[in-house]
There are 2 protein chains.
Amino acid sequence: MTTADPAPDAPGLDPRRVLVFREVARAGSLSGAARTLGWTQPAVSQHLARLERDAGTALVLRGPAGVTLTEAGRGLLARADAVAAELRAAAGELAALAEARTGTVRLVAFPSAAATLVPDALAALHAERPEVRVGLEEAEPPEAVAQVLADDADLALVFGYDGPPDGLGPLAFTALYDEPVRLVVGPGAGAVRLADLADADWVGGCPRCRGHLVACCEAAGFTPRVQHSTDDYVVVQNLVARGVGVTVLPETALRAYRHDGVRVLEEPALGRRRVGLAYRPGAETVPATAALVAHLRRAASTI
Amino acid sequence: MTTADPAPDAPGLDPRRVLVFREVARAGSLSGAARTLGWTQPAVSQHLARLERDAGTALVLRGPAGVTLTEAGRGLLARADAVAAELRAAAGELAALAEARTGTVRLVAFPSAAATLVPDALAALHAERPEVRVGLEEAEPPEAVAQVLADDADLALVFGYDGPPDGLGPLAFTALYDEPVRLVVGPGAGAVRLADLADADWVGGCPRCRGHLVACCEAAGFTPRVQHSTDDYVVVQNLVARGVGVTVLPETALRAYRHDGVRVLEEPALGRRRVGLAYRPGAETVPATAALVAHLRRAASTI
DNA sequence: TCGACCCATAAGTCATGCTTGGGTCCATGA
DNA sequence: TCATGGACCCAAGCATGACTTATGGGTCGA
């Protein structure tokens, strides 16, 4: 239910004029207000005259030594002060955000990225800008992208195989790094090529990783038997080291943790994994977000 | 101690643009905001672009289906809503004052005027505009004028002899009525002219009334012996009726109360008393004040 | 592939807003 | 007493700013 405007033809008060009136009230004269505004006196006079015309009543009484407020003017001054306070507060908040002195970035990252890259970046960001807060959540790339699309997150740290992930929709993507995918086998295995592992048992990762594995194997002429699945690259290596199966892992996972009992083999047929950030176009210009992106990029370059 | 501006070159947010941004946020798109504002889409786009330039950060992220707010935009929206609420409230208050639906008039009146004129006017005003409040104080003309000059009152009901009162300074004066001053004597007196009362005892009124009496008597060739003084025209007539002395009273005082035991004589030498209103120039345009003035004038015309 | 919707940019025109240069009224001081 | 200065208003000129039209890019859905 919308309340009907009491005056349908009301032009609504021009907020700029209201602030000019506030200066007049504070200075006690039109000339004084003009001086503080850096204007000439007639300019203030015209603004005030039109404001009074819009208001329908006098706001000040002109005297030889300046002006005094009417009842309407006293009431409006209180409102004008509130308006000025809000604008001042808004300007302060915006300045803090613009300088990235403060702000909150909602980051969604895939689980294993949270292992090294994200902690490094967050630590550096916090050291540089202690007031910037980062909300971190873990989600696989498809869910992470969905969260950004739904405006539940600002930044998604995602990966794709041999290129950016798909399903980005209108989101922008910027790569952080690109890494090879390795073949990881047990100590007793003699095979060194993917095609030799048609009869092996496989340990898969997340659904998309498994999909990529299956695609690579089929390109090599067989369909892998995936017996176990886990995201955890420590668990995976323990399984492989004990001969339960073989697997594939990206380079960074192996650099974060390397089990002594596995062999890591180069296998170009497994392609490369591209890790990067997905975000709504323009979000990279938000200062706090830009700061986090910069630190993520720096952390990625040291991997 | 003034706090230094955090950004000395800050242009300060243009409040009009802030309200435009608010419409964008509420509509969810620039085009939608343009429609509700009755503008074209580029107009809104330019306003928002400049506001973002002034703010130093993006406020919305442009998407193919509209815009979504950034953190800065969400913060600014809250402030903008507060600004809009203040402006709306101010407009409502001003409208009520402009229509004289409400308002407060501070009236200072000389004591005997409060007897008939002021009550009549206040009753009529209250019947017509029950929300308009009148603060009534009693004071003799010089004090009443001083109160208006000091902005402690809006309207002074004052009188002067043979013209407006003096000491008005920059105040405006408008006459309400003009009345003769009568000679009031006891029942036994045979004299009918002022000059015959050189040896009588006199009852005086307020200081200025006494001054006028003395001036008239001196013009008639004698200095009156003023033995008693009271403002109250009932008391005065009682004193005169009992032969304590003679006095002068304005016509309205005699119409408000007439003691049977006094004789009232016309005496042109006593001049006339002019009753009117003193006010700061422009104050008569304030709607509530204008309404009171109109009712005072109407009440005066029926005297 | 087309059309509908979103947005940005460029250029033009018109209105607004500020300035300059008058003028009046009051107060103050020589 | 008159002159000065400070307050305000009014009228006119002019430049800035704001809104318009016109155009182009982009995404989504039919």
Side-chain angles (χ1 to χ4, degrees), chain A residues 11 14-21 23-25 27-54 58-70 73 145 148-149 151 166-173 278 280-283 285, chain B residues 11 14-21 23-54 58-70 73 149 167-173 280-283 285:
Chain A
D14 184 331
R16 289 181 48 187
R17 297 191 214 281
V18 170
L19 294 185
V20 170
F21 159 77
E23 291 303 323
V24 170
S29 71
L30 305 206
S31 314
R35 280 189 291 271
T36 69
L37 289 169
W39 292 352
T40 58
Q41 175 267 321
V44 178
S45 176
Q46 290 165 21
H47 272 291
L48 187 59
R50 180 143 171 201
L51 182 64
E52 288 182 315
R53 207 176 63 78
D54 290 345
L59 299 172
V60 302
L61 296 183
R62 279 81 167 166
V67 297
T68 62
L69 299 187
T70 64
V145 164
V148 173
L149 284 171
D151 199 20
D166 24 53
L168 288 177
L171 297 188
F173 178 82
R280 312 171 75 80
T285 70
Chain B
D14 184 332
R16 289 181 47 186
R17 298 192 214 283
V18 170
L19 294 185
V20 170
F21 160 77
E23 290 303 324
V24 170
R26 298 175 73 83
S29 70
L30 304 207
S31 312
R35 280 190 289 272
T36 68
L37 289 168
W39 291 353
T40 58
Q41 172 264 321
V44 177
S45 176
Q46 291 164 20
H47 272 291
L48 187 58
R50 181 145 172 201
L51 182 63
E52 288 182 315
R53 205 175 65 79
D54 291 344
L59 299 172
V60 301
L61 297 183
R62 279 78 167 168
V67 297
T68 62
L69 298 187
T70 65
L149 283 170
L168 289 177
L171 297 188
F173 178 83
R280 313 171 75 80
T285 70

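All values reported here derive from a predicted model rather than from experimental measurement.
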For residues 38-53 of chain B, which side-chain N or O atoms pair as donor and acceptor with protein atoms under 3.5 Å away, sequence neighbours left out?
residue, atom, partner, partner atom, Å
B:His47, ND1, B:Arg17, NH1, 3.0
B:Glu52, OE1, B:Arg62, NH1, 3.0
B:Glu52, OE1, B:Arg62, NH2, 3.0
B:Glu52, OE2, B:Leu59, N, 2.7
B:Glu52, OE2, B:Val60, N, 3.2
B:Glu52, OE2, B:Arg62, NH1, 3.1

Spacing of A:Trp39 atom CH2 relative to C:dT20 atom C1', expressed in whole Å: 17 Å
Of the listed nucleotides D:dC19, D:dA18, D:dA7, the one nearest the side chain of B:Arg50: D:dA18
Supply the atom-to-atom distance A:Leu61 CG to B:Thr285 OG1, rounded to the nearest 0.5 angstrom. 7.0 Å
Of B:Gly38 and A:Arg35, whose nearest nucleotide on DNA chain D comes first from the 5' end? A:Arg35
Rounded to the nearest angstrom, tell me the gap between atom CG in B:Asp54 and atom P in D:dG17. 12 Å
Tell me every residue that passes side chain to side chain contact (heavy atoms under 4.5 Å, CB included) with A:Ala25, counting only those two or more places apart in sequence or in another chain. A:Phe21, A:Leu69, A:Leu77
From CG (A:Leu37) to CD (A:Glu23), nearest 0.5 Å: 5.0 Å
Counting the atoms with a prime plus P, OP1 and OP2 as sugar-phosphate, which does A:Arg280 contact under 4.0 Å by heavy atoms, base, sugar-phosphate, or nothing? nothing
Between B:Leu61 (CG) and C:dC6 (P), how many Å, whole number? 18 Å
Whole angstrom value for the distance that separates C1' of C:dC18 from CG of A:Asp14: 15 Å
side-chain N/O B:Thr40 vs D:dT20 OP1/OP2, d < 4.0 Å: yes
Can you pull every protein N or O that's under 3.5 Å from an N or O on nucleotides 7-12 of chain C?
residue, atom, partner, partner atom, Å
C:dC7, OP1, B:Leu30, N, 2.5
C:dC7, OP2, B:Leu30, N, 3.4
C:dC7, OP2, B:Ser31, N, 2.7
C:dC7, OP2, B:Ser31, OG, 2.3
C:dA8, OP1, B:Arg62, NE, 2.3
C:dA8, OP1, B:Arg62, NH2, 3.0
C:dA8, OP2, B:Ser45, OG, 2.6
C:dA8, N7, B:Gln41, NE2, 3.2

With a 4.5 Å limit on heavy-atom distance, are the side chains of B:Arg280 and B:Pro170 in contact? no
How far apart are the closest heavy atoms of B:Ala27 and B:Ala33, and which atoms are they? CB-N, 3.5 Å
Which one, D:dT20, D:dA18, C:dC18, comes nearest to the side chain of B:His47? D:dA18
